[in-house]
Amino acid sequence: MKKIAIIPAYNEKDSIVKTVNDVIQNAPDFDYVIINDCSKDDTMDICQYNGLNVLNLPINLGIGGAVQTGYLYAYRNGYDIAVQFDGDGQHDAKYLEKMAEVLIDQDADMVIGSRFIEKEGFQSSKLRRAGISYFTWLIKILTGVVITDPTSGMRMCNRKTIEMFANEYPRDYPEPESTVRLIRHKRKVIEVPVIMKAREEGVSSISSLKNTIYYMIKVTLAILIERIR
């Protein structure tokens, strides 16, 4: 089966080479593609200098548009499995083969790598954990399904889900909304325990209280709209 890691990158000049090397060394069955979301730093130059497989977006599309570009690339190039793998160094490629095994063996449509099943490794900030717990509660209320890590960016999809996301994918903060979409379409979503690391470089876009509140309100509205579509 053809497998690929989709690596969205915005201003990840200090971590992108290490991220790619992690995939190459620890998940050798996976190809990779970097989606450079019109970075303002030297991310694109570093990718080109190191001969990395990169698509350069001419304008900034945000995380949703960058990831959808990756799914479109995966679909058009005949990949059977695609995993979103953040370019900031938080994810660990040693889990990718296991996630693929679970995806295939359990005939799942999406496998989410969750920090909160075994509660090991970096557990995020208190503020973000509160938001994550809220979305876990909201998704359970709306769908009856418990997703312990609904904001996880480490998500692996089968061919059918790749096609769905290539055609339509949420633009902003897409992980919780796209998970609800899959559940609404009766797709099988499961979680496996992973250990994540703290961001090595750069700053999260929702690190402040103001941005966290905005994020929670916007994603809540998106989830509610998705649930009643």
Side-chain angles (χ1 to χ4, degrees), residues 1-10 12 15-39 43-113 152-171 174-175 177-179 181-182 185 187-190 192:
M1 301 184 76
K2 290 183 65 177
K3 295 175 282 189
I4 189 169
I6 297 166
I7 306 174
Y10 179 70
E12 304 292 0
S15 58
I16 192 62
V17 173
K18 184 176 179 180
T19 298
V20 170
N21 286 337
D22 183 26
V23 173
I24 292 172
Q25 293 168 12
N26 294 305
D29 288 344
F30 281 76
D31 297 331
Y32 73 88
V33 60
I34 300 163
I35 311 298
N36 179 46
D37 192 20
C38 200
S39 295
T43 297
M44 186 60 189
D45 292 337
I46 289 171
C47 288
Q48 291 178 324
Y49 178 80
N50 287 275
L52 305 183
N53 183 34
V54 59
L55 297 180
N56 190 40
L57 299 179
I59 60 172
N60 179 265
L61 295 181
I63 183 62
V67 172
Q68 185 178 16
T69 300
Y71 281 120
L72 186 60
Y73 178 94
Y75 180 70
R76 289 183 174 177
N77 286 279
Y79 284 94
D80 304 291
I81 292 174
V83 62
Q84 181 181 334
F85 195 82
D86 289 353
D88 58 12
Q90 293 192 79
H91 296 164
D92 193 331
K94 71 181 182 182
Y95 293 103
L96 297 188
E97 297 290 357
K98 177 62 177 177
M99 290 175 70
E101 289 177 11
V102 172
L103 185 80
I104 295 167
D105 292 346
Q106 298 195 30
D107 194 26
D109 294 291
M110 183 165 73
V111 173
I112 300 172
S152 171
M154 194 174 184
R155 294 142 37 99
M156 186 174 290
C157 301
N158 64 6
R159 176 72 178 174
K160 186 165 61 172
T161 304
I162 291 171
E163 181 178 12
M164 174 190 279
F165 288 165
N167 289 324
E168 185 178 6
Y169 197 70
R171 290 297 181 209
E175 288 83 7
E177 183 183 349
S178 59
T179 300
R181 179 172 300 172
L182 284 177
H185 283 86
R187 304 289 179 89
K188 186 175 182 180
V189 179
I190 59 179
V192 297

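Pairing each heavy atom of Asn60 with each of Cys38, the nearest pair is N-CB, 3.5 Å. Scanning both residues, Ala66 and Leu57, for their nearest heavy atoms gives CA-CD1, 4.1 Å. Of all the heavy atoms in Ile34 and Ala9, the pair that sits closest is CG2-CB, 4.0 Å. Met154 and Asp92 make their closest contact through CE-O, 3.4 Å (heavy atoms, listed as atom of the first residue, atom of the second, distance). Residues Gly153 and Glu175 share a closest heavy-atom pair of CA-OE2, 4.1 Å. Summarising the geometry of Tyr75 relative to Ala166, their closest heavy-atom pair is CB-CB, 4.2 Å, with the distance given to 0.1 Å.
Side-chain contact between Met164 and Lys160: absent, with no pair of heavy atoms (C-beta onward) separated by less than 4.5 Å. By the 4.5 Å heavy-atom criterion applied to side chains, Gln68 and Leu61 are not counted as neighbours. Inter-residue side-chain proximity for Val67 and Ile35 is flagged as unmet; no heavy-atom pair is nearer than 4.5 Å. In this structure the side chain of Leu182 never reaches within 4.5 angstrom of the side chain of Ser178, judged on heavy atoms. Phe165 has its side chain out of reach of Pro174: every pair of non-hydrogen atoms, C-beta onward, lies at least 4.5 Å apart. The shortest distance between side-chain heavy atoms of Asp37 and Thr69 does not fall below 4.5 Å. With a 4.5 Å cut-off on side-chain heavy atoms, Glu97 and Pro28 count as touching. With contacts defined as side-chain heavy-atom distances shorter than 4.5 Å, the pair Tyr73/Ile6 does not qualify.
Within a 6.0 Å sphere centred on NZ of Lys98, heavy atoms belonging to other residues, nucleotides or ligands number 12 at most.
Rounding to the nearest 0.5 Å gives a distance of 9.5 Å between CD1 of Ile190 and CE of Met99. For the atom pair CD1 of Ile112 and SG of Cys157, the computed distance is 9.0 Å after rounding to the nearest 0.5 Å.
Judged by distance alone, the side chain of Lys2 and the main-chain N or O of Asn77 form a donor-acceptor pair under 3.5 Å. A donor-acceptor pair under 3.5 Å is absent between the side-chain atoms of Asn50 and the main chain of Leu52, judged by distance alone. Asn53 contributes a side-chain N or O that, together with a main-chain N or O of Tyr32, makes up a donor-acceptor pair within less than 3.5 Å.
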Quick one, Thr19 with Glu12, criterion side chain to side chain contact (heavy atoms under 4.5 Å, CB included). Give me CA distance, side-chain angles, the key distance, then yes/no. CA-CA 10 Å; Thr19 298; Glu12 304 292 0; over 6 Å; no
Apply salt bridge (Lys or Arg N to Asp or Glu O under 4.0 Å) to the pair Arg159 and Glu163, showing each step before the final yes or no. CA-CA 6 Å; Arg159 176 72 178 174; Glu163 181 178 12; over 6 Å; no
Decide yes or no on side chain to side chain contact (heavy atoms under 4.5 Å, CB included) for Gln48 and Asn56, but give the supporting numbers first. CA-CA 10 Å; Gln48 291 178 324; Asn56 190 40; over 6 Å; no
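Remark: Asp107 does not engage Lys188 in a salt bridge, criterion side-chain N to carboxylate O under 4.0 Å.
Using modelled atom types, one finds a donor on one side chain and an acceptor on the other under 3.5 Å when comparing Thr161 with Asn158.
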